[in-house]
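Numbers here simply count residues along the sequence, with the first being 1. Please read all numbers here as calculations on a predicted model, not as lab measurements. Below, all heavy atoms of this structure are taken into account, side chains as well, without hydrogens, waters or symmetry copies.
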Amino acid sequence: SIFLRDILVTGLRIFMKKNGISMVTSKVAKLKTSVQVFSITLILWFLSSPDFTDEHIYYLRLILIFVTYFTIYTGIDYCYRNLKLINSTK
């Protein structure tokens, strides 16, 4: 899901650049990057803990689910904002 979102956004960026349109970024997309970095750090911290238990797996899954849905949301937001921009330049 995250990989597909990044491919879609990259494709949109390439299309817009070829057509001379500046891509709109949002604070939500920038927040997504921070959330991903924080989540990766947290996951690595959990996994490296000597006290790692099966209970931690539950929390790791919750983190991954949240980050995945948040990333998908930002991809939809990115496409919506920029497709709206493309349509207004026609």
(message) Under a 3.5 Å threshold, yes or no: a donor from one side chain and an acceptor from the other, between R5 and Y73?
(response)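 Distance-only check fails for R5 and Y73.
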(message) Applying side-chain contact (heavy atoms from CB on, under 4.5 Å), can you list everything that pairs with L64, at least two apart in sequence or on another chain?
(response)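 Applying side-chain contact (heavy atoms from CB on, under 4.5 Å) to L64 gives I43.
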(request) Kindly write out the residues that satisfy side-chain contact (heavy atoms from CB on, under 4.5 Å) with S26, not counting sequence neighbours, or none if the list is empty. (result)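 Residues passing side-chain contact (heavy atoms from CB on, under 4.5 Å) with S26: V28, A29, D77, R81.
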(message) Is the shortest side-chain heavy-atom distance between L83 and L12 below 4.5 Å?
(response)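 The answer is yes, as the side chains (C-beta and beyond) meet within the 4.5 Å cut-off.
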(message) So, taking the atom named CD in Q36 and the one named CD1 in I40, what distance separates them when rounded to the nearest 0.5 Å?
(response)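 Those atoms lie 6.5 Å apart.
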Below 3.5 Å, can you tabulate the donor-acceptor pairs from side chains in residues 49-58 to any protein atom, sequence neighbours excluded?
| residue | atom | partner | partner atom | Å |
| --- | --- | --- | --- | --- |
| S49 | OG | D51 | N | 3.1 |
| T53 | OG1 | E55 | N | 3.3 |
| T53 | OG1 | H56 | ND1 | 3.2 |
| H56 | ND1 | T53 | N | 2.8 |

(request) Name all residues meeting the ring pair (Phe, Tyr, Trp, His ring centres under 6.0 Å) criterion together with F66; count only those two or more places apart in sequence or in a different chain, and write none if there are none. (result)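 If we apply the ring pair (Phe, Tyr, Trp, His ring centres under 6.0 Å) test to F66, skipping adjacent residues, the hits are F70.
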(message) Taking transitive links into account, so neighbours of neighbours count too, which hydrophobic residues share a cluster with L8 at under 4.5 Å side-chain distance?
(response)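 Under the 4.5 Å side-chain rule, L8 groups with nothing.
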(request) Can you see which heavy atom on V9 is nearest to which on G75, and at what distance? (result)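 Nearest pair, atom of V9 first, then G75: CG2-CA, 4.4 Å.
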Check for me, please, whether [X] and [Y] land in the same ILVMFWY cluster - side-chain distances under 4.5 Å, paths through other members count.
X   : Y   : answer
L62 : L42 : yes
Y80 : L4  : no
F38 : Y59 : yes

Identify every side-chain donor-acceptor pair in residues 14-23 under 3.5 Å, counting partners at least two apart or on other chains, and give the distances.
| residue | atom | partner | partner atom | Å |
| --- | --- | --- | --- | --- |
| N19 | ND2 | F15 | O | 2.7 |

(request) Test side-chain contact (heavy atoms from CB on, under 4.5 Å) on L47 and L60 and set out the steps. (result) CA-CA 9 Å; L47 292 173; L60 293 177; 3.9 Å; yes
